[in-house]
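Ligands are counted one by one from 1 in listed order, and the atoms in each one are counted from 1 as well.
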Amino acid sequence: MKMAIYLDHAATTPIHPEVKKAMLPFLDEAFGNPSSIHQYGRAVRNAIDHARWQVAEGLNAEASQIIFTSGGTEADNTALIGVALACREQGKKHLITSEIEHHAVLDTCRYLEHMGFEVTYLPVDRTGMVDVEDLKSSIRPDTALISIMYGNNEVGTLQPIETIGAIAREHRVFFHTDAVQAFGIEKIDVKKLPVDLLSISSHKINGPKGAGALYVSKQVKLMPRFFGGAQERRKRAGTENVPGIVGFGKAAELAARNRDVHYREMLQLREAFLEELKEQQVTFVINGHHERFLPHILNLSFPGTDTETLLMNFDLAGVACASGSACTSGTLEVSHVLRAMHLSEEVTRSAIRFSFGRGNTEAEVRQAARITAEITGRLIHR
Ligand SMILES: *Cc1c(COP(=O)(O)O)cnc(C)c1O
């Protein structure tokens, strides 16, 4: 079977060959438990230490500030619940987030509301950006945490993270950001960026699934989510996912080393795709911010069509793309991100997310654009 053109890298990415190579010994002879003191254990302990250092380097953090998790979802859950519970002891019970967060943050906030916390969901403008004045005015004396994502996974809009962080510092409120989509694209330096907690995920940067990390600055008090062992400085009990962590370490190293080149390549693919769409005289609108965006995520609407029909046609024609987050596709539900952006019904209901990544070529994205022209032409004029 000829494989479709893969334009769904915001959902997941293929494993880099060097990552796979780094992982293989840990699926084979290097099987020890890192907590064992014998030779088998020590070899694996060293590999985890190295991976922690690789991930820390990618953020300019200290290795001791990295907690390995099962992925971005667990990192987000740990940050929100861990800080909320720790701060409750000081009488703080309020959190601030945005309406366009990943469900790993939004659903965790719903859970915390159920547990007696109060959450403010900041609205966004038509480009998907939060308003820092809104943020300022929603901070209360009992606010424990602000959680605003770095770059959105559906429309790619970048938030004013530095400004938000500065406001959080000024008000002595902890600040978490979900940087799962931004890591490997944007330069993230936690020594300069005023963030206290930051989530990243392995499988979005050509690493294996089931691994991720939460960066936690030294000031933060965090209640663990898992109990039963001394792993991850007692913040995350359980025998480590060794192959996953080793692969994640390698992926983080490669992502940091190739970041500039990767950024340019993603921008070129995006521009080639848009250029070809225009040449093919496709009618479309870009959803998201026109300057402050992640170059690998392109959300387009094709007025006069609808998302579901488009997706079915793209699949048949050999283009793998998405309707937004992988979690909401497969249902008829409209994206909560596009809803929050208050776009017209026509735009909201005809949106498709194309997301580029390592391995995509210009020829491929141009081909995908021509397929888009063919599909939209057929759907609109029939
Ligand atoms: C993919 C994604 C997550 C979830 O990460 P997993 O490793 O799949 O659990 C969280 N936030 C954002 C922005 C994402 O894109």
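Residues Leu379 and Thr376 are not in side-chain contact: their nearest non-hydrogen atoms beyond the backbone lie 4.5 Å or more apart. Within the 4.5 Å cutoff, side-chain heavy atoms of Leu80 are placed close to those of His176.
Judged by the 6.0 Å and 45° rule, Arg270 forms a cation-pi pair with Phe293. Arg52 forms no cation-pi arrangement with Tyr215, by the criterion of a distance under 6.0 Å to the ring centre and an angle within 45° of the ring axis.
Atoms of ligand 1 lying under 4.0 Å from at least one heavy atom of His203, given by number and element, are 6 (P), 7 (O), 8 (O). Interface atoms of ligand 1 facing Ser201, defined by a heavy-atom separation under 4.0 Å, are 5 (O), 6 (P), 7 (O). For ligand 1, the atoms lying closer than 4.0 Å to a non-hydrogen atom of Gly71 are 7 (O).
Electrostatic pairing of Glu275 and Lys278 does not count as a salt bridge here, judged by no charged N lying under 4.0 Å from a carboxylate O.
In this structure, Lys20 places its NZ atom where only 12 or fewer heavy-atom neighbours from other residues, nucleotides or ligands lie under 6.0 Å away.
Counting heavy atoms closer than 4.0 Å to ligand 1, residue Lys209 contributes nothing at all.
A donor-acceptor pair under 3.5 Å is formed between the side chain of Thr307 and the backbone N or O of Arg349.
Looking only at heavy atoms of the protein, atom 6 (P) of ligand 1 is closest to Gly72 N, 3.4 Å. Residue, atom and distance of the protein heavy atom nearest to atom 4 (C) of ligand 1 are Thr73 OG1, 3.5 Å. Looking only at protein heavy atoms, the nearest one to atom 14 (C) of ligand 1 is Lys204 NZ, 3.0 Å. Counting only heavy atoms of the protein, atom 11 (N) of ligand 1 lies nearest to Asp178 OD2, 2.6 Å. Among all non-hydrogen protein atoms, the one lying nearest atom 3 (C) of ligand 1 is His102 NE2, 3.5 Å.
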